[in-house]
Amino acid sequence: MKVTFIGATHEVTGSCSLLEVGNSAFLVDCGMEQGENRFENIPLPVNPAELSCVLLTHAHIDHSGYLPLLYKNGFRGTVYATESTASLCQIMLRDSAHIQESEAEWKNRKARRAGRPEAEALYTMADAEGVLSRFRPCPYNKLTAVGEGVAVRFTDIGHLLGSAAIEIWMSEGGVTKKMVFSGDVGNTHQPILNDPQRVEQADYLVLESTYGNRLHGERPDYVGALTEILQQTFDRGGTVVIPSFAVGRTQEMLYFIREIKEQGRVHGHDGFPVYVDSPLANEATSIFLQCPTENLDPEARELVRSGVNPLWFEGLRTSVTKEDSQAINANSVPKVILSASGMCDAGRIRHHLKHNLWHSENTVLFVGYQAEGTLGRALVDGAPSVKIFDEAIAVNAEIRVLAGVSGHADKNGLIRWLQGVSPKPAQIFVNHGDDEACTDFTQCLREEYGYNAMAPYSGTCYDLAAGAFLAQPAGVLRKKPEEAARDPRAMAAFSELQRAVKQLSALAQGAGGRPNKELKRMAAQVQALYDAWRA
């Protein structure tokens, strides 16, 4: 009876842990790594075909996104998840597969032009469909047997519709232990979702630490702040563009705007239109509206019971086709545009920014975290211009941030939820936070609260029956590009490339007297070379 930590160890994404009980092996989460990856992960220690099941905490891609890849590599077990998580994965994993196929085709077009070998997609739509057929929806708070000596229960953790902490009872050789995976612990008093539900007991606990060393601060008046932004922007004839994650954040914004409209808070612009320009967001909103009412918080539940749709209002318009999307910006009426992606690195939001950023009457409102290196972060940090689709766009629009909107519990929220687990777990494993947050939170739990806590690196293995570590490796940092370039062979190849670039530059500098026809041909060839290697 043992656990091996694979992903989201001293990192925020890529959640994946392996449990082995008797002759069976199964995963908790199988998430995609996103953004910067500082540490190397060990490969999956077992053949995917030998896994009996996957237990899924929630639908976010950093917890579910490698499920189609697992299927591609031979997994044919069962995926256990809550009913709403299963529903959201139906759209999110298909969307992810579409992205994988599209990116592979884009890269391969360039590879074909350059005569380079083509690469296959990480996984395909067929792989997504295959693993989706393996899902088994489970209700909250009901014990479910998932294998010999293994039973699980999903409890509402309030992070995303359907999100859950997973309680796992394991028996082997006359020994029974209970292990709990928190998944992502939700923030309290969020619209639509319940607050995190208490888990009463655990021998072992795996606890996330995304905000393990940060506090959200005093809860702002979201409706009041949003009303002010809408009023000011509409009064100057502008549009409010909101880059928003399709699942979760978009629905929260619709909930706030419904309240603003219902209470008549915006004056002089009655019936202002609100466009949701994201097919994924529109599908996700339908799932929110069709979920079991017990998945909703008391306020949203009461609205539904009284016949009020909490995510619909007069003036709400959905955009599905490319033509629908293009028509939005042809309309000069003051409006709200909600579009994905939330960090502006892909999707239709880039088109809306291209059309709206350079107009000073408009506002771009950010309602979620913007990671380093993203277009959204550049805008939040005050970039005077940005490049979108290889075109420089002046940033004349007002850039605003609706602070405090987070689906994650902060440090105090995590501790408050943890203190509901009584008596204290014998061992806490802290994961799913960047290196600093993970380390700081672990130290806090040990020194300030007296917990036996540690933050495992990938490859850490623990015997749950004996209560002892079987392997406790140090973290292995990934090589940064500049470090990889210090390899002698890489340095030699890079020097050769630099010499070739200098030769090309010298050739271009001395080409001034050549005929126009030759200059155009040379420029076209250089452009083709750039296009071929830009990917």
Around atom [atom1] of [X], are there more than 12 heavy atoms from other residues, nucleotides or ligands closer than 6.0 Å?
X	atom1	answer
Asn23	CG	no
Glu218	CD	no
Gln201	CD	yes
Glu294	CD	yes
Lys2	NZ	no

Is it true that a side-chain atom of [X] and a backbone atom of [Y] form a donor plus acceptor pair closer than 3.5 Å?
X	Y	result
Thr82	Cys138	no
His10	Cys438	no
Arg134	Arg76	yes
Gln251	Gly248	yes
Glu172	Met1	yes
Ser458	Asn41	no
Thr13	Asp62	no
Thr85	Gly162	yes
Arg94	Gln90	yes
Asp410	Arg214	no

Phe429 and Tyr204 aromatic ring geometry - parallel, tilted or perpendicular at 30°/60° bounds: tilted
Any side-chain heavy-atom pair of [X] and [Y] under 4.5 Å:
X	Y	value
Val46	Leu44	yes
Ser163	Asp184	no
Gln472	Tyr462	no
Asn213	Cys444	no
Val241	Ser339	no
Leu226	Ile257	yes
Val3	Val206	no
Glu20	Thr4	yes

Rounded to the nearest 0.5 Å, how far apart are [atom1] of [X] and [atom2] of [Y]?
X	Y	atom1	atom2	answer
Leu414	Thr210	CG	OG1	7.5 Å
Ser84	Asn295	OG	CG	4.0 Å
Phe181	Ile166	CZ	CD1	8.0 Å
Leu464	Ile168	CG	CD1	9.5 Å
Thr293	Glu302	OG1	CD	10.5 Å
Glu33	Tyr66	CD	OH	5.5 Å

Do you know which two heavy atoms are closest between [X] and [Y], and how far apart they sit?
X	Y	result
Val54	Phe75	CG2-CZ, 3.9 Å
Ser244	Val367	OG-CG2, 4.4 Å
Thr57	His63	OG1-ND1, 3.4 Å
Phe5	Ser17	CD2-OG, 3.8 Å
Ala246	Ala284	O-CB, 4.0 Å
Ile349	Cys344	CG2-CA, 3.8 Å

Identified side-chain contact (heavy atoms from CB on, under 4.5 Å) partner of His352 from the options Ile337, Val364, Leu338: Ile337
Between Tyr80 and Phe26, ring centroids under 6.0 Å: no
Distance-only donor-acceptor check, side chains Thr285 and Asn282, under 3.5 Å: no
Asn187 side chain to Arg219 side chain, donor-acceptor N/O pair below 3.5 angstrom: no
Gln197 and Asn141: CA distance, side-chain angles, deciding distance, side-chain hydrogen bond (donor to acceptor under 3.5 Å, both in side chains) verdict: CA-CA 10 Å; Gln197 182 178 334; Asn141 304 319; 3.0 Å; yes
Note: Arg38-Glu11 ion pair, threshold 4.0 Å (strictly below): no
Residues Leu296, Leu303; criterion side chain to side chain contact (heavy atoms under 4.5 Å, CB included); working and verdict: CA-CA 10 Å; Leu296 306 177; Leu303 287 171; over 6 Å; no
Chi angles and distances behind the side chain to side chain contact (heavy atoms under 4.5 Å, CB included) call for Val247, Ile287: CA-CA 10 Å; Val247 181; Ile287 290 172; over 6 Å; no
Derivation of the side chain to side chain contact (heavy atoms under 4.5 Å, CB included) call for Leu193 and Asp297: CA-CA 5 Å; Leu193 302 178; Asp297 70 4; 5.8 Å; no
Criterion side chain to side chain contact (heavy atoms under 4.5 Å, CB included) on Phe441 and Leu207, from CA distance to verdict: CA-CA 10 Å; Phe441 189 55; Leu207 180 60; 3.6 Å; yes
Residues that His159 engages under ring-ring contact (aromatic ring centres under 6.0 Å, His included), provided they are two or more places apart: His58, His60, His408
Salt bridge (Lys or Arg N to Asp or Glu O under 4.0 Å) partners of Glu83, counting only residues at least two apart: none
Geometric cation-pi criterion Lys424 and Tyr451, 6.0 Å radius, 45° cone: yes
